[in-house]
Amino acid sequence: MTDASTTADPADDTGDAPRDFIRDIVHGDLEAGKHAGVVTRFPPEPNGYLHIGHAKSICLNFGIAEETGGRCHLRFDDTNPAKEEQRYIDAIQEDVRWLGFDWGEHLFHASDYFEQLFQWAEHLIGQGLAYVDDQSAEAMRESRGTLTAPGTNSPFRDRTPEENLELFQAMRAGDFPDGARVLRAKIDMAAPNINLRDPVLYRIIHAPHPRTGDAWSIYPTYDFAHGQSDALEGITHSLCTLEFEDHRPLYEWLIENLPVPSAPKQYEFARLNLSHTVLSKRKLIQLVEDGHVTGWDDPRLPTLAGLRRRGVPPEGLRAFIRQIGVSKVDSVVDLAMLNAALREHLNRVASRRMGVLRPLKLVIDTWPEGEVDWLDAINNPQDDTAGSRKVPFGRELWIEQDDFMEDAPRKYFRLTPGQEVRLRYGYLVTCTDVVKDADGNVIEVHATHDPDSRGGNAPDGRKVRGTIHWVSAEHGVAAEVRLIDHLFTSEQPGAGGADPLDDLNPAALEVLTGCWLEPALADATPAASGGETVQFERLGYFTADPDGSPASPVFIRTVGLRDTWAKVAAKGAS
RNA sequence: UGGGGCGUAGCUCAACUGGUAGAGCACCUGGUUUUGAUCCAGGAGGUUGUAGGUUCGAGUCCUACCGCCCCAGCCA
């Protein structure tokens, strides 16, 4: 046996560190001696749950820190109390930890810096680089100009620093209602980059903040809070998505004009898009709040909570993120790539079990009534250390409806009258007869067995092409099994301005009741609660769902196995 | 008809300062197999968006054009 640990595996996330244009920059800076160490940050806004797109950012930021011996901060961008909630702050931390990353002592909030940010705003005012604007939002929009036409200066643009200071302090004191005034940077209303047309730095919001309560009635905007927070934390590389490219000049303008303790650099990469799903927070919130799914952890969702509940292992998710790379190209990753990464990981680690989803009774007429044979079944053929378990075999078994055909095509290797198949880890059986109901449906299959084939070995070495899974009718555990498919039928739901809801896949969740599982599956713990994701042989990977209980177990399919027979069958049918 | 980005295989990404275009996924063959899985071997698939230019030589440099994405929140 070769040592598996020495085998290079491109999909395993313990291999060589990935390289991409961001990491090239980081390593270049390190070699040039620009920084003592690398400091990155993952900066979620706590206004929703994390999804697989965030996983890309998390793996990038925490990954770079790990690879360079630096550190990565978890910082909540909590600058808008109108949208943010403590429950999201809690859920996000759980999700990042689950993905496998640790921020140690480095948990921060933009709100930690509110006082400092306020003082820096005053500094800008003192320098004549910011002013309080009394214009309404509509007036501001009109005077901002358009993409092709320059804006015009606000009538309040030339207030004195003293007047601005007084007004800004009054804003802080809560003297004005929401929207009455804003603090704006004084840059250039004719700038071709609209972000430089006197961007808003502070706005009045009278709403309780999850962390600062009612201490503030003004809040910094993203642009004013983000870069300065980076500077305060000594972030060296501030990584964000492409839509912030236009903000970089503003990011740099603020860093240059403020007495900040460090000068972080912003770099942008393309966000993840995944086929057959949506990854915009707005759309995800809509799916949850309008009840199209059962909650943020609905297994059909691409949220980390949903993936976790579905039994997706964090290692598999990380391998996927690794495989898709990092670039500046706005692209759509095929869901097939995620599934392949999950299968690759699960194939190596998942325990094998047997379960029958759509049961058909198989009666072995030659088997002694009442006799039970406890057979050895290997837990994981890919892992010698995984051991084996005992599986009960009896006269009456459940087999998959798909594994029997009365009139089978040529290359059908499973059960069909007169054909011998192997019952996995059990015996070789030959179909002799079928029982039908009044409508002609097969409701029971009869067979004889070869008593010398215990364990599934042909005593004379004869070839038996088909092997099917089964569950003892006497010992089987009744269960509900849920099969998950694409949430949306189209590759890019909502593309071209369409309503993504029109593409919702009604078959995204298929609930099967009356399934039978081998006894070892009783009392399984859901993956989301630290339990295992196991392989049901020939069917895919499954985990227990929290909706179930030991009395009435529910399982959910993480991902199916590759199924070339399905392709062959489909071809034959067409 | 402004500004910022991006175009390499069906998809996602590689290709150090210019030197014969590669990988993973997907697809197709064949082999192994007590999971029609896994594994192994092989195959197909590119005029590197287009057109010029520089060069002995261009995916890499230059010019022009085409296409797609982002920006006119007191969201992030």
Side-chain angles (χ1 to χ4, degrees), chain A residues 10-11 18-20 24 43-45 47 77 79-80 82-83 133 135-137 140-142 144-151 178-184 191-197 199-205 218-219 221-223 225-226 240-249 268 270 272 275 281-282 323-341 343-344 347-348 352 354 378 381-382 411-414 422-426 428 453 455-458 464-469 491 535-540 560-569:
Chain A
R19 284 316 274 265
D20 50 63
D24 287 345
E45 182 191 11
N47 69 341
D77 233 329
T79 57
N80 187 353
K83 295 187 174 180
D133 195 342
Q135 288 187 107
S136 67
M140 269 182 60
R141 191 185 319 123
E142 281 164 26
R144 186 151 32 229
T146 67
L147 294 178
T148 53
D178 285 9
R181 287 172 223 261
V182 293
L183 182 75
R184 290 228 258 173
N193 179 344
I194 292 180
N195 291 298
L196 263 19
R197 319 241 263 231
V200 171
L201 267 24
Y202 267 91
R203 71 282 212 208
I204 298 168
I205 301 174
I218 56 172
Y219 292 89
T221 55
Y222 164 84
D223 285 311
H226 201 94
C240 62
T241 43
L242 254 26
E243 65 269 29
F244 293 101
E245 249 169 339
D246 285 346
H247 292 245
R248 194 172 62 230
E268 310 86 11
L272 169 65
S275 73
K281 240 185 223 179
R282 209 199 95 247
Q323 285 166 27
I324 59 173
V326 180
S327 75
K328 299 190 70 158
V329 185
D330 185 21
S331 57
V332 181
V333 176
D334 195 326
L335 199 56
M337 243 191 265
L338 205 213
N339 291 337
R343 287 188 194 109
E344 200 282 335
N347 176 55
R348 283 181 291 133
R352 269 60 170 176
M354 290 197 284
I378 292 167
Q382 311 288 322
K411 287 185 283 188
Y412 186 82
F413 309 143
R414 289 114 93 155
R422 171 182 300 105
L423 293 170
R424 179 75 158 159
Y425 295 127
L428 300 179
S453 63
N457 303 298
V464 178
R465 257 327 274 278
T467 299
I468 66 175
H469 59 277
E491 264 186 48
Q535 183 192 102
F536 287 8
E537 295 216 25
R538 306 209 301 137
L539 298 174
L561 255 30
R562 266 185 77 227
D563 188 356
T564 49
W565 169 251
K567 284 180 204 163
V568 174

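Lettering follows sequence order; numbering is per chain, from 1. Please read all numbers here as calculations on a predicted model, not as lab measurements.
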Please report, rounded to the nearest Å, how far the [atom2] atom of [N] is from the [atom1] atom of [X].
| X | N | atom1 | atom2 | result |
| --- | --- | --- | --- | --- |
| A:I194 | B:G73 | CD1 | P | 8 Å |
| A:D330 | B:U12 | CG | C1' | 13 Å |
| A:R19 | B:A15 | CZ | P | 10 Å |
| A:L338 | B:A26 | CG | P | 12 Å |
| A:K328 | B:C13 | NZ | P | 13 Å |
| A:E243 | B:G5 | CD | C1' | 12 Å |
| A:N339 | B:A37 | CG | P | 17 Å |
| A:H469 | B:U38 | NE2 | P | 17 Å |

Are any non-hydrogen side-chain atoms of [X] and [Y] less than 4.5 angstrom apart?
| X | Y | value |
| --- | --- | --- |
| A:L272 | A:V333 | yes |
| A:P199 | A:T221 | no |
| A:N80 | A:N47 | no |
| A:M140 | A:V182 | yes |

Any side-chain N or O of [X] less than 4.0 Å from the OP1 or OP2 oxygen of [N]?
| X | N | answer |
| --- | --- | --- |
| A:R348 | B:A37 | no |
| A:S327 | B:C13 | yes |
| A:R203 | B:C75 | yes |
| A:R197 | B:A72 | no |
| A:K567 | B:C28 | yes |
| A:R538 | B:G36 | yes |

In Watson-Crick or G-U wobble terms, both distances under 3.5 Å, what is the partner of [N]?
| N | answer |
| --- | --- |
| B:U47 | none |
| B:G57 | none |
| B:U33 | none |
| B:U20 | none |

From the set [options], return the single nucleotide nearest to any side-chain atom of [X].
| X | options | answer |
| --- | --- | --- |
| A:M140 | B:C74, B:A37, B:G3 | B:C74 |
| A:Q382 | B:C13, B:U38, B:U35 | B:U38 |
| A:L147 | B:A72, B:U38, B:G36 | B:A72 |
| A:T79 | B:U35, B:A76, B:C11 | B:A76 |

Check if the side chain of [X] and the base of [N] share a donor-acceptor pair of N or O atoms closer than 3.5 Å.
| X | N | value |
| --- | --- | --- |
| A:N193 | B:G4 | no |
| A:R352 | B:U35 | yes |
| A:R465 | B:G36 | no |

*Mark this stacking check for A:Y222 against B:A76 as yes or no, applying ring centres under 5.5 Å and ring planes under 30°.*
no

*Rounded distance in Å between the C1' positions of B:U29 and B:U48*: 29 Å

*Can you say whether the rings of A:Y222 and A:F244 are parallel (under 30°), tilted (30 to 60°) or perpendicular (over 60°)?*
tilted

*Hey, is B:G22 sitting syn or anti, using the within-90° cutoff around 0?*
anti

*Taking A:R352 for the side chain and A:Q535 for the main chain, is one N or O donor matched with an acceptor at less than 3.5 Å?*
no

*Across the strands shown, which category fits A:Q535 at heavy-atom distances under 4.0 angstrom: base, sugar-phosphate, nothing?*
base

